[in-house]
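This structure is a prediction, so every number in the text was calculated from the model and none was measured.
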Amino acid sequence: MHDTAEALFRVDPRTGSATRTVLDGGSVRNGDGLVVHGRTLYVVRNWAYAVDVFTLSGDGRRARFVKQITDPRFDEPTTAAVHGGRLYVVNARFDADWSDPATASTVVSCPL
């Protein structure tokens, strides 16, 4: 993912060659974390306080926007994980007062 270009790239792990993935809707702007689960791609967008969900083509060259997940508990989300039919989103809470242990990062559980 390239945030400034607002683009997603597929990298061949054997050669290091990068190919731009065509997005059919949705956005990767402010993208921080990426989760691929099967052919579903979750783009965690920290300053958008959202996760955009895409379906990847078999070759990974296209990503069709499916939906956007938002939750009032998102607080600068940075990454996520899929487990047991749920999406677990990690809040970085960049603006928090880190001298106070009560302001630690949090995890939000959302339905897929």
Side-chain angles (χ1 to χ4, degrees):
M1 180 170 46
H2 190 291
D3 188 47
T4 305
E6 297 182 23
L8 183 66
F9 292 86
R10 184 175 194 277
V11 178
D12 184 323
R14 289 177 292 125
T15 65
S17 176
T19 306
R20 189 174 186 149
T21 299
V22 176
L23 299 178
D24 295 331
S27 179
V28 296
R29 184 175 190 189
N30 301 128
D32 197 343
L34 298 174
V35 177
V36 177
H37 186 71
R39 288 189 30 205
T40 303
L41 169 68
Y42 300 89
V43 179
V44 182
R45 301 177 55 217
N46 53 21
W47 301 115
Y49 299 86
V51 177
D52 279 14
V53 182
F54 297 86
T55 298
L56 295 168
S57 64
D59 61 6
R61 294 176 190 239
R62 295 191 81 81
R64 182 181 51 81
F65 177 71
V66 175
K67 66 181 178 178
Q68 185 175 77
I69 299 171
T70 60
D71 191 295
R73 298 172 295 165
F74 287 174
D75 190 359
E76 289 116 21
T78 56
T79 193
V82 173
H83 179 72
R86 300 198 57 87
L87 182 68
Y88 293 87
V89 180
V90 178
N91 287 322
R93 305 189 67 206
F94 294 124
D95 298 330
D97 174 6
W98 288 97
S99 65
D100 179 358
T103 62
S105 296
T106 58
V107 177
V108 176
S109 172
C110 304
L112 296 175

> Taking all atoms of both residues into account, what is the closest heavy-atom pair of N91 and R73, and its distance?
Replying inline: ND2-O, 3.0 Å
>> Taking ring-ring contact (aromatic ring centres under 6.0 Å, His included) as the cut-off, I'd like each qualifying pair that reaches into residues 54-73, sequence neighbours left out, listed once.
In response: F54-F65
> Remaining members of Y88's ILVMFWY cluster at a side-chain heavy-atom cut-off under 4.5 Å?
Replying inline: V90, V107
>> Going by the rule side-chain contact (heavy atoms from CB on, under 4.5 Å), which residues pair with L56 if we only count those two or more places apart in sequence or in a different chain?
In response: V36, L41, A63
>> To check you understand the geometry: which heavy-atom pair defines the closest contact between V43 and S27, and what is its length?
In response: CG1-O, 4.3 Å
>> Going by side-chain hydrogen bond (donor to acceptor under 3.5 Å, both in side chains), name the residues that satisfy it together with D24, two or more places apart in sequence or in a different chain.
In response: R62
>> My understanding is that a hydrophobic cluster links ILVMFWY residues whose side chain heavy atoms are under 4.5 Å apart, including indirect links. Using that, what else belongs to the cluster containing V11?
In response: none
> Is there a path of hydrophobic side-chain contacts, each under 4.5 Å between heavy atoms of I, L, V, M, F, W or Y residues, that connects L112 with V66?
Replying inline: yes
> For R39, which residues count as a side-chain hydrogen bond (donor to acceptor under 3.5 Å, both in side chains) partner, sequence neighbours excluded?
Replying inline: none
> Can you name the residues that form a side-chain contact (heavy atoms from CB on, under 4.5 Å) with T15, not counting sequence neighbours?
Replying inline: D12, S17
> In terms of hydrophobic clusters joined by side-chain contacts under 4.5 Å, are V22 and L8 together?
Replying inline: no
> What pairs of residues pass the salt bridge (Lys or Arg N to Asp or Glu O under 4.0 Å) test when at least one of them lies in residues 45-55, not counting sequence neighbours?
Replying inline: R45-D52
> Which heavy atom in S105 sits nearest to a heavy atom in A92, and how many Å separate them?
Replying inline: OG-O, 3.8 Å
> At their closest point, which heavy atom of I69 faces which heavy atom of P111, and how far apart are they?
Replying inline: CD1-O, 4.3 Å
> Is any side-chain heavy atom of V89 closer than 4.5 Å to a side-chain heavy atom of D71?
Replying inline: no
>> One pair to check against side-chain contact (heavy atoms from CB on, under 4.5 Å): V51 and V35. What are the steps and the verdict?
In response: CA-CA 10 Å; V51 177; V35 177; over 6 Å; no
> Can you list every ring-ring contact (aromatic ring centres under 6.0 Å, His included) pair that touches residues 22-51, not counting sequence neighbours?
Replying inline: W47-F94
Which pairs of donor and acceptor atoms, one on a side chain in residues 77-87, lie under 3.5 Å apart (sequence neighbours left out)?
unit_1, atom_1, unit_2, atom_2, d
R86, NE, S109, OG, 2.6
R86, NH2, S109, O, 3.3
R86, NH2, S109, OG, 3.3

>> Restricting to side-chain contact (heavy atoms from CB on, under 4.5 Å), what partner residues turn up for R10, sequence neighbours left out?
In response: T21
>> Test of understanding: with side-chain hydrogen bond (donor to acceptor under 3.5 Å, both in side chains), list the residues that count as partners of T40, not counting sequence neighbours.
In response: none
